[in-house]
Protein chains: 2
Amino acid sequence: MAFGVDERAAQVLRHIVEDYVATAEPVGSRTVSKKMGQALSPATIRNIMADLEEMGFLAQPHTSAGRIPTGAGFRFYIDHLLLRRSLVQGEVDRLNQAAQEGVGNASADELVRQVSRLLANLACQASVVIVSRPDEQRLRSVSLMRASADKILLVAVMQSGYVQHRLIEGEPDVTADELEKINAYLNGLAEGLTLAALRVRVRAELRREKARYDRVMHRALAMGARALADSGPGEVFVEGRANILDQPEFAEDVQRLKRVLRAFEEKSVIFRLLDRAMASQAIQVSIGPENPVEELGDVSVVASGYRQGPSAMGSIGLIGPVRMDYSRVIPLVEYTANLLTTMFGQR
Amino acid sequence: MAFGVDERAAQVLRHIVEDYVATAEPVGSRTVSKKMGQALSPATIRNIMADLEEMGFLAQPHTSAGRIPTGAGFRFYIDHLLLRRSLVQGEVDRLNQAAQEGVGNASADELVRQVSRLLANLACQASVVIVSRPDEQRLRSVSLMRASADKILLVAVMQSGYVQHRLIEGEPDVTADELEKINAYLNGLAEGLTLAALRVRVRAELRREKARYDRVMHRALAMGARALADSGPGEVFVEGRANILDQPEFAEDVQRLKRVLRAFEEKSVIFRLLDRAMASQAIQVSIGPENPVEELGDVSVVASGYRQGPSAMGSIGLIGPVRMDYSRVIPLVEYTANLLTTMFGQR
DNA sequence: TTTAGCACTCTTCCTCCGGGAGTGCTAAAT
DNA sequence: ATTTAGCACTCCCGGAGGAAGAGTGCTAAA
């Protein structure tokens with residue numbers, strides 16, 4: 001066992017974490033002793049607890065209350081002690097079903113949000129999703145459409161089913177006919193490329209076309225280049241906020257509830273966390289005090305990326321109070337992310 | 001003054017409402033007497049208050065606390081006593097600016113949500129928006145795009161700038177070329193019609209085309225008819241939930257906070273309320289207990305429709321605890337809705 | 001009809017106190 | 001050298017009791 005935590009201490013820590021997760025109350029030495037089958041007396045447990053506290057894994061709300069795990073305590077538990085609870089079949093079924101429904105008749109966005117909502121309810125936490133900037137995704141088709149007298153809308157459908165819009169300003173005098181031609185031309189270029197690759201491609205073509213003079217093509221490329229220039233900052237969806245309201249720790253402590261709810265609004269920080277999970281393609285757990293900003297000090301984020309084939313599509317996860325049942329939540333998030341990856345594989 | 005409420009009683013009610021809105025505390029006779037310039041003694045005020053309570057406009061949390069307005073009290077205040085506070089220039093400026101920015105470089109959706117977010121912050125309430133089913137909106141252009149091996153995406157851009165997707169299943173063997181032709185044909189039909197009208201038009205064409213045999217056209221129409229058949233249930237966006245967290249009435253009463261937050265999740269009920277505001281094209285105020293479901297018993301919704309030219313586009317408003325400053329909030333919502341209408345008029 | 005006066009009601013905020021939970025320490029037991 | 005029993009101590013929690021304050025309703029006088 002790492003960090004000078006011997007096996008016995010680790011088991012004590014495990015029981016404290018699990019009891020605290022279940023009850024939201026500080027855990028005393030007597031309780032732990034019982035849970036461990038009386039193999040050790042409360043007094044011994046107390047000694048171990050004192051050690052664990054010294055190492056920073058436990059804290060006491062006040063003298064003569066039990067101990068509660070600190071952020072570091074949860075971290076150690078997750079990294080070294082977690083026994084993954086296997087998912088209940090019913091949960092798996094419901095997730096699969098939601099995904100099947102979604103894949104049939106919804107856009108990629110809808111599919112993801114539907115699954116996310118269900119995940120939130122199953123885990124009794126809020127759920128959180130990001131969709132990656134589509135720069136990395138492969139295109140299925142593109143279309144330029146007249147949006148107003150002087151604006152054109154570029155619609156790009158990714159192979160994942162994700163749909164992306166970009167508004168191009170100041171193109172008053174392109175005719176419908178020309179738009180059609182441009183569409184055909186762009187589609188020829190685009191299919192199978194990523195948006196980023198298309199951007200490069202379009203720029204190259206643009207240079208080449210400068211020589212021969214073809215007004216329409218030049219237009220097409222210039223517009224394309226413009227539309228592809230910027231990529232949005234990405235969005236965060238939070239679903240199922242209400243799921244956390246019944247946690248017992250909020251019954252008296254309004255302040256904490258407010259802090260957690262405010263944390264849900266920290267979209268840009270949440271985005272960074274999920275983005276990291278997406279990049280690593282492994283499940284990521286950020287525990288309260290580990291988070292980069294103070295505002296998220298009371299919440300944990302458990303997230304995992306999902307892909308289409310080899311390319312990252314986004315990240316899905318849960319956000320809620322630090323005291324969450326990681327043994328249940330981590331497999332759940334993992335399964336859900338894999339499910340999305342499977343679903344997108346079928347597209 | 002209606003309902004047997006004489007002028008004096010009305011003024012008393014007004015002061016009670018306003019004081020309660022400002023302080024979140026029950027209001028006593030002494031306070032009212034002072035506010036009214038000592039014209040009436042506290043004892044007299046007490047008599048009037050007893051009358052108002054009998055009429056159902058006031059309530060006492062317990063004997064010997066002051067009075068607080070009931071739902072009916074707020075209703076009477078809004079209908080008969082409200083002195084609209086004129087907007088602060090700074091607020092107007094910020095709204096205008098947000099709208100100008102949005103109209104320039106964002107889709108209709110984005111524009112509306114941006115304005116909504118700002119509205120929420122200005123009012124210190126949560127804001128809420130719906131976008132109407134686009135059936136009633138006029139089309140600018142449509143495009144069919146290949147979305148996957150056996151699916152096609154219909155993208156419709158409305159004259160408002162609002163973009164609508166419909167997924168059509170089971171069209172594996174339409175070629176890119178055919179799609180282009182179909183696009184051209186549909187666009188010819190569609191421009192300037194509403195989706196509903198297009199639906200009718202397409203069905204008519206479909207009957208006519210049955211006679212002469214043109215495979216592509218028939219395809220186009222069949223697909224069009226299918227895509228247009230259903231119209232989604234409409235969406236509700238809630239922004240700025242965190243704005244209400246600091247209301248003093250929540251400092252001790254967690255239950256009430258939870259109820260209000262849960263109310264924010266009652267999307268379908270909120271939708272109905274906003275839809276009503278959209279239909280009536282006048283500002284609508286729904287006060288707590290008036291609401292159709294118990295879950296919204298603690299919140300008020302203030303909403304107003306916005307249009308593009310003559311056709312309803314959606315509805316925007318605020319949702320928050322019943323105790324809100326209607327004299328400020330109502331003009332604010334009204335202004336915002338008009339602003340959106342103006343913005344969409346420029347499209 | 002209004003108002004001053006007054007008794008009454010309730011909440012709120014102290015403080016005090018006992019019970020209980022849990023600890024840390026020490027000394028004995030293994 | 002560990003483990004454990006015993007014990008004193010600390011701190012939270014809940015209830016009791018009481019004083020202060022706010023506000024009311026009623027009555028009788030202006």
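Here the structure is a predicted model, which means the values were calculated and not measured.
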Partners meeting side-chain contact (heavy atoms from CB on, under 4.5 Å) with R14(A) (sequence neighbours left out): Q11(A), E18(A), Y77(A), L81(A), L83(A)

Looking at residues at least two apart in the chain, or sitting in another chain, which of them share a side chain to side chain donor-acceptor pair (under 3.5 Å) with S41(B)? T44(B)

Show me the donor-acceptor pairs, under 3.5 Å and distance only, between side chains in residues 30-38 of chain A and residues at least two apart or in other chains.
residue	atom	partner	partner atom	Å
S33(A)	OG	L40(A)	O	2.7
K35(A)	NZ	D19(A)	OD1	3.0

Got a sec, which residues hit side chain to side chain donor-acceptor pair (under 3.5 Å) with R241(B), two or more places apart in sequence or on another chain? none

Pick the closest DNA chain C nucleotide for A50(A) and for A39(B) by heavy atoms, then say which residue is nearer the 5' end. A39(B)

Salt bridge (Lys or Arg N to Asp or Glu O under 4.0 Å) partners for E295(B), two or more places apart: none

Rounded to the nearest angstrom, tell me the gap between atom CG in N47(B) and atom C1' in dT27(D). 12 Å

Please report, rounded to the nearest Å, how far the P atom of dA22(D) is from the CD1 atom of I45(B). 19 Å

Where DNA chain D forms stems, i.e. three or more consecutive Watson-Crick or G-U pairs with both distances under 3.5 Å: C:1-30 with D:1-30

Kindly list each side-chain donor-acceptor pair under 3.5 angstrom involving residues 318-336 of chain B, sequence neighbours excluded, with atom names and distances?
residue	atom	partner	partner atom	Å
R323(B)	NE	E249(B)	OE1	3.2
R323(B)	NE	E249(B)	OE2	3.0
R323(B)	NH1	V21(B)	O	2.4
R323(B)	NH2	Q247(B)	OE1	2.8
R323(B)	NH2	E249(B)	OE1	2.7
D325(B)	OD1	S327(B)	N	3.2
D325(B)	OD1	S327(B)	OG	2.7
D325(B)	OD1	R328(B)	N	3.4
D325(B)	OD2	R85(B)	NH2	3.0
Y326(B)	OH	S300(B)	OG	2.7
Y326(B)	OH	V322(B)	O	2.6
S327(B)	OG	R85(B)	NH2	3.4
R328(B)	NH1	E91(B)	OE2	2.5
R328(B)	NH2	L122(B)	O	2.3
E334(B)	OE1	R84(B)	NH1	2.5
Y335(B)	OH	N96(B)	OD1	2.8
Y335(B)	OH	N96(B)	ND2	3.3
T336(B)	OG1	L332(B)	O	2.7

Rounded to whole Å, the CD1-C1' distance (I48(A) to dT3(D)) equals 10 Å

Under-4.0 Å side-chain N/O to phosphate OP1/OP2 contact, T44(B) with dT2(C): no

Please produce a list of atom pairs where a protein N or O lies less than 3.5 Å from an N or O of nucleotides 5-15 of chain C.
residue	atom	partner	partner atom	Å
dG5(C)	O6	R46(B)	NH2	3.4
dT9(C)	O2	S64(B)	OG	3.0
dC10(C)	O4'	T63(B)	O	3.4

According to salt bridge (Lys or Arg N to Asp or Glu O under 4.0 Å), who are the partners of R259(A), at least two apart in sequence or on a separate chain? D298(A)

Selection: residues 24-37 of chain A, any non-hydrogen atom under 4.0 Å of DNA chain C: G28(A), S29(A)

Evaluate R276(A) against S286(A) for side-chain contact (heavy atoms from CB on, under 4.5 Å), listing each step before the verdict. CA-CA 10 Å; R276(A) 211 177 59 188; S286(A) 302; 3.2 Å; yes

Under the side-chain contact (heavy atoms from CB on, under 4.5 Å) test, which residues partner T63(A), sequence neighbours left out? none

Could you tell me how far apart E252(A) (CD) and dC12(D) (P) are, to the nearest whole angstrom? 15 Å

Roughly how many Å is it from CG in L40(A) to C1' in dA5(D), rounded to a whole number? 15 Å

Using atom CZ of R67(A) as one end and atom C1' of dG22(C) as the other, report the distance to the nearest whole Å. 9 Å

Gap between atoms CE and P, on M49(B) and dG23(D) respectively (whole Å): 9 Å

For E266(B), salt bridge (Lys or Arg N to Asp or Glu O under 4.0 Å) partners two or more places apart: none

More than 12 heavy atoms of other residues, nucleotides or ligands under 6.0 Å from CZ of R94(A): yes or no? no

Over how many whole Å does the gap from I68(B) atom CD1 to dT24(D) atom C1' extend? 16 Å

